[in-house]
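What follows is a short report on a single structure.
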Amino acid sequence: GILPARHDAARRTGLRPQRGIHHDGPLGIRHTNSHGLLPEAHKSTIRLDIPLNNNYYHVIPLRMEHHTRMPVPNISDLKSRLSGTKLDRWLSPALIALLLLVLHYFFIARFLDQFMHYDDSSWHVFMANFHMAGFDPLTYHVVTDWHMGYDILRHPLLAWLVWPLYAINSLLWQLTGANCVQFVCGALLFGCGYGSALLMRSILVRVVGTGRWTATLLTIFFLSFAYVMVSLIVPDHFCLSLFLLLLVIHQHATRSTVSTATQCLLYTLTAGVTLTNGVVVFLADVIFHGRDALRPRRLLAAYVLPTIFLLSSVLIFQRQTDSTTKWIKDNITKTEIVVENMLGESIQFHRKHILGDVLWHRPVIVRYLWWGSYAIETAYAIIFVLGMWYGRRERLLWLLAATLAFNVTLHILLGFAIDEVQIMTAHWAFVIPIATGYAVRRHKWLALPVLVITLYLLASNFYLLHRYLTWPLAK
């Protein structure tokens, strides 16, 4: 009579009785969950009152095992963990930061002695050896001894924006007795470069729709461009312009709307650093907001009033400057400019006349010594065109195409700085990796040639840049 009553109690308690499970106990009761049984178990002892003929008999303690299902790892789980938050949060940013730190180390080390023991003679030594294509070290000069050192017509607010750096450097100079301008400016350049890389990666993941590791690859692909590397470390305005342009694109591409106040701030800062880049801010507004961008109130608050403010600062602090517009020579075609400089030197250095300045005996056109360089150029150009085609229905691609068209018109068709167009790389080259993201999103296998191109550009450009920066200084 006990066995039926035991089964009745088991039914009421949700426990399944089995004999012979534990040889050291009189009775074993196993409780299984909905996931089945696995070897891992949590054991406990219970006391069970079993009804029999309307009387309760106290039964000996029973041993119970509560089995919990353990997750079985599979390939998809492993892949998600590798691309998940823990590894992805620190590895990709760490790789980007490491690359930037190495570049800054070699540039700062080249001129460190001149600024640690700073005087008039050391500044002359610095200027005699600072030949970084057409880039100017004006920021070092302004932060060391603040003045309106930039061409205010092209950079209306830049001198005012770097004034806090001058104040910080002056304080450090009094405390240390050394001119710390390299470290103060280097901190700003590193922050802008690192922020630009993170914005680029965020655009690729959130807007283009690439995977996280693909976005990291394309970001490093962008950082491996020859004149992007240089723009990130030289004390000029290009690194700051790059950050602001990518910030404008990120704000418009990832938000449903950008307020008039935000648009006013973006336009004022971007155009204040480089006046012509204000056009990109307006293009982004029109492409992503349509007719709303052309409403009188928004036009007045976001563009007209800031433009009046910028032009007023130009009139107040205007100084006589030479025109920086360069016109092409008669014996050089614009096709050669595009192939050798805009799509060539901008992305991969020529071995001859490395970082040469057209004002210091560098020819406008320098050709590659190896046919493989043209093969590499053709490869990334084809992938870029494919990406432009695959993303042709995306508003982001419309903005990228408009930005590229504006820069081609300004530099190639109108001839502004056409003989050194490669130094303008930071104003437009971000178009290439973002458009490439659309191609890789469509054809996953294209990530392999992009990886090969990235490794080649990193090796070639870093070797040539390192060799140049470690060359002995001329006294």
Side-chain angles (χ1 to χ4, degrees), residues 75-76 78-85 87-88 91-92 95-96 196-225 228 245-246 248-256 280 283-284 287-288 290 338-339 342-344 346-348 372 374-408 425 428-458:
I75 298 299
S76 60
L78 182 61
K79 183 179 179 180
S80 64
R81 288 182 182 183
L82 288 176
S83 61
T85 57
L87 185 62
D88 189 61
L91 184 56
S92 298
L95 291 174
I96 295 169
S196 299
L198 295 184
L199 288 171
M200 167 74 71
R201 187 172 179 274
S202 178
I203 292 170
L204 289 166
V205 172
R206 296 177 60 184
V207 185
V208 178
T210 65
R212 296 179 182 273
W213 291 109
T214 302
T216 300
L217 170 62
L218 292 172
T219 301
I220 297 178
F221 171 54
F222 173 65
L223 296 178
S224 68
F225 290 0
V228 171
L245 288 170
L246 285 173
V248 168
I249 294 172
H250 185 272
Q251 290 291 305
H252 287 81
T254 58
R255 295 187 176 187
S256 58
V280 178
L283 290 173
I287 290 173
F288 281 94
V338 172
V339 172
M342 190 168 187
L343 293 179
S346 297
I347 297 175
Q348 51 178 333
Y374 293 103
I376 292 290
E377 181 177 343
T378 302
Y380 59 67
I382 291 175
I383 298 175
F384 164 66
V385 172
L386 284 175
M388 295 290 286
W389 174 254
Y390 290 138
R392 65 190 182 278
R393 294 184 176 89
E394 304 286 341
R395 289 182 183 270
L396 175 59
L397 235 298
W398 301 352
L399 176 57
L400 297 179
T403 302
L404 181 61
F406 170 69
N407 280 273
V408 170
T425 302
W428 64 269
F430 50 81
V431 171
I432 296 177
I434 298 176
T436 300
Y438 285 102
V440 175
R441 188 186 70 177
R442 177 68 67 90
H443 301 293
K444 304 295 185 183
W445 60 270
L446 284 176
L448 181 58
V450 172
L451 175 61
V452 173
I453 294 172
T454 301
L455 294 176
Y456 168 78
L457 292 177
L458 278 175

Requested in this report: Check the angle between the aromatic planes of Phe221 and Phe225 and answer parallel, tilted or perpendicular using the 30° and 60° thresholds.
Outcome: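 Correct class here is perpendicular.
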Pairwise distance [atom1]([X]) to [atom2]([Y]) - rounded to 0.5 angstrom:
X: Phe430; Y: Ile203; atom1: CZ; atom2: CD1; result: 8.5 Å
X: Ile96; Y: Leu91; atom1: CD1; atom2: CG; result: 10.0 Å
X: Gln348; Y: Tyr374; atom1: CD; atom2: OH; result: 9.0 Å
X: Phe384; Y: Leu400; atom1: CZ; atom2: CG; result: 8.0 Å
X: His250; Y: Leu245; atom1: NE2; atom2: CG; result: 14.5 Å

side-chain contact (heavy atoms from CB on, under 4.5 Å) against [X], all qualifying residues, sequence neighbours excluded:
X: Thr214; result: Thr210, Leu218, Val440
X: Arg395; result: Ile287, Phe288, Trp398
X: Leu343; result: Val338, Glu377, Trp428
X: Leu386; result: Ile382, Tyr390, Ala439

Within the 4.5 Å heavy-atom criterion, are [X] and [Y] side-chain neighbours or not?
X: Trp213; Y: Ser92; value: yes
X: Met200; Y: Ile434; value: yes
X: Trp389; Y: Val385; value: no

**Report entry** Ser346: side-chain hydrogen bond (donor to acceptor under 3.5 Å, both in side chains) partners, not counting sequence neighbours
**Finding:**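 Here the qualifying residues are Thr425.
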**Report entry** Residues forming a side-chain hydrogen bond (donor to acceptor under 3.5 Å, both in side chains) with Thr254, sequence neighbours excluded
**Finding:**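 Once residues adjacent in sequence are excluded, Thr254 has no partner under the side-chain hydrogen bond (donor to acceptor under 3.5 Å, both in side chains) criterion.
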Report task. Apply the test side chain to side chain contact (heavy atoms under 4.5 Å, CB included) to residues Met342 and Val408: give CA-CA distance (whole Å), side-chain angles for both, the deciding distance (0.1 Å), then the verdict. Result -> CA-CA 9 Å; Met342 190 168 187; Val408 170; 3.8 Å; yes
Requested in this report: Would you please test Ile347 and Ile432 for side chain to side chain contact (heavy atoms under 4.5 Å, CB included) and show each step?
Outcome: CA-CA 10 Å; Ile347 297 175; Ile432 296 177; 3.6 Å; yes
Query raised in the report: So, the side chain of Ser202 versus the backbone of Leu198: is there a donor-acceptor pair under 3.5 Å, distance only?
Result: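 No, Ser202 side chain to Leu198 backbone: no donor-acceptor pair under 3.5 Å.
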